[in-house]
Number of protein chains: 2
Amino acid sequence: MDAAVTNKEITIKDVAKQANVSVATVSRVLNGRDRVSDATRKKILKIIEELNFVPSTMAASMVKKKTNMLAVVVPEIQNPFYTAVIGGTVEIANNEGFFTIVISTNGNETEEEEFFESFLSKNVDGIVLIGTHREAGFYRNIRKPTILVDRYINDSGHDGVLIDNYRGAYEATKHFVDYGHERIAIIDGEHDFNDGKDRYWGYRQAMLEGGLTPDPKYHKQGKWLEEDGYRFAMELLQAEQPPTAIFAANNVICKGVIRAVRDLNLQIGEDISLIGFDENELAQFVQPRVTVVARPTREMGVQAAEMLIQKIKGEPKEQAKPKKVILDVELMKYGSVKKLK
Amino acid sequence: MDAAVTNKEITIKDVAKQANVSVATVSRVLNGRDRVSDATRKKILKIIEELNFVPSTMAASMVKKKTNMLAVVVPEIQNPFYTAVIGGTVEIANNEGFFTIVISTNGNETEEEEFFESFLSKNVDGIVLIGTHREAGFYRNIRKPTILVDRYINDSGHDGVLIDNYRGAYEATKHFVDYGHERIAIIDGEHDFNDGKDRYWGYRQAMLEGGLTPDPKYHKQGKWLEEDGYRFAMELLQAEQPPTAIFAANNVICKGVIRAVRDLNLQIGEDISLIGFDENELAQFVQPRVTVVARPTREMGVQAAEMLIQKIKGEPKEQAKPKKVILDVELMKYGSVKKLK
DNA sequence: TTGAAAGCGATACCAA
DNA sequence: TTGGTATCGCTTTCAA
């Protein structure tokens with residue numbers, strides 16, 4: 001409580017001197033694994049308390065070559081999907097004695113690169129990464145334990161936690177087909193990563209299996225943004241032959257679609273059927289609630305953190321093949337799809 | 001590119017050896033402030049590139065006694081208000097060459113305490129803190145540059161970035177009064193912090209000035225949760241003499257109220273007038289849009305980061321009195337308040 | 001302009 | 001059970 005009056009930081013030396021022991025002994029009680037006599041331990045503990053001494057984790061990290069820090073790198077920090085992943089990771093990390101640095105790359109490859117070059121490679125024990133880069137080379141250069149989340153790059157050399165995008169999109173589209181829809185549109189974005197691509201191919205496969213031919217004029221590709229959802233929904237719904245169903249391939253696109261439908265004074269589940277990918281607040285709120293492909297967002301962060309920490313603690317031997325953990329998605333049917341037959 | 005084959009990390013020594021210079025010289029080109037001849041600089045740079053050498057910021061931090069790391073400590077990481085603050089801070093920090101550790105205390109005093117004791121006091125240059133503790137003592141014990149955001153504790157000894165909660169609530173309530181409302185309810189939570197208290201007193205003041213007497217049965221105190229908003233709105237709206245207007249004193253309470261109104265099949269702005277505190281997605285979406293007291297969330301993080309970094313860089317002399325920066329709020333009138341007279 | 005060497009604050013090995 | 005000391009990878013005087 002009555003900390004030193006001087007501004008100088010208290011170090012292990014000060015404690016040792018005060019306690020009339022060597023720094024080695026103080027270090028021992030700090031770490032608690034070597035044995036120290038009860039008497040000296042108590043004495044040292046008391047002095048630590050009195051001096052308000054806090055050991056420098058940095059100095060310790062330097063010799064231990066372990067920082068007990070994780071990094072979570074995300075493309076942006078506003079999207080609830082990413083904050084959910086962050087939340088899951090932070091929670092596990094804290095439980096396991098790790099701190100977490102959160103870095104937003106703003107979806108910018110250059111920024112992402114700078115972070116890795118300047119910092120991450122040396123100062124964290126491991127990385128949970130929702131990457132922005134598209135080429136495997138970038139990922140292979142990362143020498144730290146790393147878990148790729150959501151966006152997986154083959155040949156990256158790292159483990160991944162993903163969801164079954166293909167199946168999610170497939171189930172959604174099949175649901176439309178089962179309910180008799182034929183003019184089924186999809187609004188997505190570039191197919192830079194596996195996730196976007198898989199969703200499209202899941203959609204496509206369900207169409208074909210249902211005896212339908214995917215029509216290019218019902219496939220709208222933007223940049224995965226809310227405004228794309230809005231704009232394309234506007235286009236589609238005001239076309240000569242509008243679709244009867246729209247599959248919104250991510251959460252923000254879905255929000256855009258909902259807004260467009262509202263602005264056109266149409267009724268979801270009546271005038272237009274809709275399925276979104278991933279939960280979003282609006283989808284839960286509108287009447288009827290929007291059917292979505294739900295994915296375990298927070299759980300992805302939890303999984304990633306667990307795998308990462310195990311990897312950090314584990315033998316470096318275990319460098320088997322990178323493994324992908326694929327979490328399951330679930331089609332939550334809430335009534336935004338009209339039965340046509 | 002062709003990094004060392006051995007697993008050993010490359011250090012400044014390796015670079016020095018390769019370049020036939022001393023480590024001091026390498027350090028000089030790394031930091032760029034001392035003069036080094038052009039020839040040797042180029043030679044060293046080339047070797048750094050070849051060896052793929054990345055200096056250990058930890059070792060540097062140890063001697064410089066500066067980590068270039070900030071911590072943002074928040075009660076939870078799901079609430080969009082907090083992620084907005086984090087986002088603002090992270091952005092400024094990155095621009096200024098700082099990294100950011102994000103820590104969620106889960107609104108738990110013990111967790112908060114542990115973080116400070118075990119880590120923060122030594123390893124970050126400064127802290128942006130949305131605190132959970134209620135007593136000034138806890139804050140006074142923090143010896144690092146710290147900016148308190150949103151929740152301010154007097155006598156804490158730190159600067160703060162807040163908003164004018166009092167005025168926000170006052171304006172909202174006055175708006176109700178001006179439109180002829182007399183039975184005006186408020187749903188809030190405990191008055192542990194200045195923010196909650198101020199909002200209540202702003203409400204109260206506007207009531208009194210309007211010649212109205214705050215009626216305890218129209219003051220519902222929960223725990224600032226969405227479910228409180230829902231539950232209390234249900235109660236209020238089904239009472240014998242329901243209020244004509246509700247002031248929802250934070251963003252999640254407002255969401256709960258909106259849901260309750262919907263579930264009762266009532267019409268916002270018609271059957272019940274509503275004003276929320278702070279933006280929230282639902283409020284923007286329902287028809288009519290809900291009038292809210294808007295606060296500059298991201299801007300709070302930006303401000304805090306700027307003040308913090310200035311403090312870190314500045315003279316330790318400048319320990320004037322702690323200063324509070326109070327950002328302005330604005331009543332955004334969107335039509336959820338009915339004119340009664 | 002460059003080099004030698006003394007730290008920074010811990011840990012860990014080897015002796016005692 | 002304890003102490004002495006080399007060490008981690010870098011920065012920063014002080015000399016050359």
Side-chain angles (χ1 to χ4, degrees), chain A residues 4 6-45 47-48 51-69 118-125 143, chain B residues 4 6-45 47-48 51-69 118-119 121-125:
Chain A
T6 79
N7 242 350
K8 213 177 144 302
E9 289 279 358
I10 309 279
T11 77
I12 196 172
K13 269 187 194 166
D14 302 310
V15 178
K17 199 174 299 171
Q18 277 278 331
N20 269 320
V21 295
S22 71
V23 293
T25 305
V26 178
S27 175
R28 284 185 187 105
V29 343
L30 248 30
N31 292 289
R33 53 176 132 278
D34 262 345
R35 11 191 64 275
V36 177
S37 84
D38 241 43
T40 45
R41 150 167 288 111
K42 266 184 197 143
K43 183 172 59 180
I44 291 173
L45 251 20
I47 303 226
I48 287 178
L51 260 39
N52 214 344
F53 164 68
V54 182
S56 160
T57 48
M58 259 176 6
S61 298
M62 223 176 98
V63 13
K64 287 183 177 167
K65 297 190 171 315
K66 242 187 121 290
T67 61
N68 277 306
M69 298 230 286
S118 73
F119 184 83
L120 287 183
S121 53
K122 287 275 188 176
N123 278 276
V124 296
D125 296 338
R143 306 302 176 92
Chain B
T6 79
N7 241 349
K8 212 174 146 303
E9 290 278 358
I10 308 278
T11 77
I12 196 172
K13 268 189 193 163
D14 302 311
V15 177
K17 200 174 298 170
Q18 277 279 331
N20 270 319
V21 295
S22 71
V23 294
T25 304
V26 178
S27 174
R28 285 188 185 102
V29 344
L30 248 30
N31 291 288
R33 51 175 134 276
D34 262 346
R35 12 188 66 273
V36 177
S37 85
D38 240 43
T40 45
R41 150 168 288 109
K42 265 182 198 147
K43 182 171 62 179
I44 291 173
L45 250 22
I47 304 229
I48 287 178
L51 260 39
N52 214 344
F53 165 67
V54 182
S56 158
T57 48
M58 256 176 9
S61 297
M62 221 176 99
V63 12
K64 287 183 178 167
K65 297 191 172 312
K66 243 188 121 289
T67 60
N68 277 306
M69 298 229 285
S118 72
F119 184 83
S121 52
K122 286 277 187 174
N123 278 277
V124 295
D125 296 338

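Throughout, protein chains are lettered first and strands after them, A, B, ... in sequence-line order, and every chain is numbered starting at 1.
Counting heavy atoms from C-beta outward, A:Thr25 and A:Lys43 have side chains that stay 4.5 Å or more apart. You'll find the side chain of A:Ile47 stays beyond 4.5 Å of the side chain of A:Val26, heavy atoms only. A:Asp14 is not listed as a side-chain neighbour of A:Gln18, based on a closest heavy-atom distance of 4.5 Å or more.
Residue contacts for B:Thr40: at a heavy-atom cut-off of 4.0 Å it reaches the sugar-phosphate backbone alone, with no base atom in range. Residue contacts shown for A:Asn20 are limited to sugar-phosphate atoms, with no base heavy atom under 4.0 Å away. Among the protein residues, B:Ala24 comes within range of the nucleic acid bases, having at least one heavy atom under 4.0 Å from a base atom. As judged by a 4.0 angstrom heavy-atom cut-off over every strand, A:Ser56 is placed among residues touching the sugar-phosphate backbone only.
Considering only the side chain of B:Lys13, D:dC8 comes nearest among D:dT11, D:dC8, C:dG9. Side-chain atoms of B:Val63 lie closest to C:dG7 of the nucleotides C:dA10, C:dG7, D:dG4.
Put simply, NZ on A:Lys66 is 18 Å from P on C:dA10, counting in whole angstrom units. Between B:Leu51 atom CG and D:dG9 atom C1' the separation is 15 Å, expressed in whole Å. Atom CD1 in B:Ile12 sits about 14 Å away from atom P in D:dC8, given to the nearest Å. Summarising the geometry, the separation between CZ on A:Arg41 and P on D:dT1 is reported as 10 Å, rounded to the nearest angstrom. Regarding B:Met62, its CE atom lies at a distance of 12 Å from the P atom of D:dT11, rounded to whole Å. Here the C1' atom of nucleotide C:dA10 and the CG atom of A:Asn68 are 14 Å apart, to the nearest Å. Across the protein-nucleic acid pair, A:Met58 atom CE and C:dT11 atom P stand 13 Å apart, rounded to whole Å. Here D:dG9 presents its P atom at 17 Å from NZ of B:Lys64, a figure rounded to the nearest Å.
Atom CG of A:Leu51 sits about 12.5 Å away from atom CD1 of A:Ile12, to the nearest 0.5 Å. Within the model, atoms CE of B:Met69 and CE of A:Met58 stand 8.5 Å from one another, a figure rounded to the nearest 0.5 Å. Here B:Lys65 contributes atom NZ and A:Ser56 contributes atom OG; the two are 8.0 Å apart, rounded to the nearest 0.5 Å. Here the straight-line distance linking atom CG of B:Asn52 with atom CD of B:Glu9 works out to 10.0 Å at 0.5 Å rounding. A:Thr57 OG1 to A:Asn68 CG: the interatomic distance, rounded to the nearest 0.5 Å, is 8.5 Å.
Tested against B:Pro55, the residues B:Ile48, B:Thr11, B:Leu30, B:Val15 include a single side-chain contact (heavy atoms from CB on, under 4.5 Å) partner, B:Leu30.
For the segment residues 28-35 of chain A, the set of residues with a heavy atom within less than 4.0 Å of an atom of DNA chain C comprises A:Arg28, A:Asn31, in numerical order.
Direction of the helix axis in the helix from C:dT1-D:dA16 to C:dA16-D:dT1 shifts by 40° between the two five-pair termini, rounded to 10°.
The residue among B:Lys65 and B:Val21 whose nearest nucleotide of DNA chain C lies closer to the 5′ end is B:Val21.
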